[in-house]
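Before any comments, here is the structure.
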Amino acid sequence: MPGFSVLRARMHAGVLIFAWMFGVGLLQFLPPRSLAFAVAVLLVLALLLAPVRVQRLVRRVRVLLIAIVVLFAGFTPGEAFFPAWPAWSPSREGVRQALEHAGRLLAVVCCVAILLEKLPTERLIGGLYALSRPLAWAGLSAERVAVRMLLVLRYVDAPGGRGWRDWLADEPATGPEEVLLLRRERFRAWDVVLLAGLIAVSCWMVK
């Protein structure tokens, strides 16, 4: 998709990330049928654009997906999904809710995989920095917020074999320290217009 690549290269990384956040938020408001279509499209895109990463992320959340299905399908009261076995059958309402919540999680996983695959690290941290700059009014460092958000995304995307306990362990470094480059991009006029439009729509949706 060369047109999308050109658009991604010309758009400010902060606007790209905010548009990504807007899309992820929009998924939470979709009705079931629209959500099912969105999940199918995102799965196809993720398998085409980031096949290894999306499979790894799905494996990381598989326990959560199973828990969602079991909790909603098994403990939501309502009409039996299998009328012949009412004592053992999940409810229709529970199955519907389980599929809906699992679908929303799966859609977010696909979005994360595509973002991490297609946005280079230096642009990702630069975009997070640009979005975090207003936090300086509250006395927070935009650089630290951006780095910590990047570390969270990297933890979610980390290959198997390193759990949260390993990240918290105070172990000496065994290799050269990684240098994170903060790539600061200039906002163009259309970046500002698009960002303002997304913020306005987001505020309207929240209301």
Side-chain angles (χ1 to χ4, degrees), residues 1 3-5 7-8 11-76 90-120 123-125 127-128 130-132 145-146 148-158 191 193-207:
M1 292 181 288
F4 176 75
S5 300
L7 179 63
R8 185 180 71 244
M11 189 179 296
H12 191 283
V15 179
L16 282 172
I17 295 174
F18 192 87
W20 175 85
M21 295 168 60
F22 178 83
V24 170
L26 186 62
L27 290 170
Q28 311 309 313
F29 296 93
L30 292 179
R33 290 188 178 181
S34 300
L35 176 64
F37 177 76
V39 171
V41 171
L42 286 171
L43 269 175
V44 172
L45 288 176
L47 289 172
L48 289 175
L49 301 176
V52 176
R53 179 167 270 122
V54 72
Q55 292 178 51
R56 182 167 66 242
L57 290 177
V58 170
R59 285 195 299 268
R60 290 183 68 89
V61 301
R62 65 185 184 276
V63 175
L64 183 55
L65 287 170
I66 294 173
I68 288 174
V69 173
V70 171
L71 289 174
F72 281 97
F75 295 93
T76 301
S91 65
R92 292 182 180 274
E93 293 78 4
V95 170
R96 188 180 303 113
Q97 291 187 39
L99 292 176
E100 183 177 342
H101 287 281
R104 295 189 196 281
L105 175 59
L106 192 58
V108 172
V109 166
C110 292
C111 291
V112 171
I114 295 172
L115 175 71
L116 295 178
E117 185 76 20
K118 292 303 178 181
L119 198 61
R123 293 200 69 199
L124 180 60
I125 192 173
L128 292 173
L131 294 178
S132 303
V145 172
R148 288 173 182 174
M149 293 175 68
L150 177 65
L151 291 177
V152 170
L153 288 173
R154 284 192 170 183
Y155 168 72
V156 172
D157 185 48
D191 287 321
V193 172
L194 180 57
L195 184 59
L198 289 174
I199 293 175
V201 174
S202 300
C203 294
W204 175 78
M205 291 177 62
V206 170
K207 292 180 179 180

Q) Say you draw a straight line from CG of L27 to CG of L105; how long is it, rounded to the nearest 0.5 Å? A) 11.0 Å
Q. Side chains of L16 and R123: does their closest heavy-atom pair fall under 4.5 Å?
A. yes
Q) If you round to the nearest 0.5 Å, how far is CZ of R60 from CG of L65? A) 13.5 Å
Q) Of all residues at least two apart in sequence or in a different chain, which pass the side chain to side chain contact (heavy atoms under 4.5 Å, CB included) check with L128? A) I17, L124, A146, M149, L150
Q. Are the side chain of S91 and the backbone N or O of T76 linked by a donor-acceptor pair below 3.5 Å?
A. yes
Q: Using the salt bridge (Lys or Arg N to Asp or Glu O under 4.0 Å) rule, collect all pairs that involve residues 107-117, keeping only residues at least two apart or in two chains.
A: R53-E117
Q: Could you tell me which residues satisfy salt bridge (Lys or Arg N to Asp or Glu O under 4.0 Å) with R96, sequence neighbours excluded, listed by chain and number?
A: none
Q: Output every pair passing ring-ring contact (aromatic ring centres under 6.0 Å, His included) with a member in residues 54-75, not counting sequence neighbours, ordered by first then second residue.
A: F72-H101
(Q) Using every non-hydrogen atom in the two residues, find where A98 and A73 come nearest and quote the distance to one decimal. (A) CB-N, 4.1 Å
Q.
Within the 4.5 Å heavy-atom criterion, are F37 and L30 side-chain neighbours or not?
A. no
Q. How many angstroms lie between atom CG of L106 and atom CG of L99, to the nearest 0.5 angstrom?
A. 11.5 Å
**Q.** Pairs satisfying side-chain hydrogen bond (donor to acceptor under 3.5 Å, both in side chains), at least one member in residues 20-38, at least two apart
**A.** none
Q: Taking all non-hydrogen atoms of both residues into account, name the closest pair between V39 and G103 and its distance.
A: CG2-O, 3.3 Å
Q) Considering residues at least two apart in sequence or located in another chain, which fulfil the side chain to side chain contact (heavy atoms under 4.5 Å, CB included) criterion with V15? A) M11, H12, F187, D191, L194, L195
**Q.** For E100, all residues meeting side chain to side chain donor-acceptor pair (under 3.5 Å), sequence neighbours excluded
**A.** R104
Contacts under 3.5 angstrom, residues 42-52 side chains, donor-acceptor by atom type, not counting sequence neighbours:
none

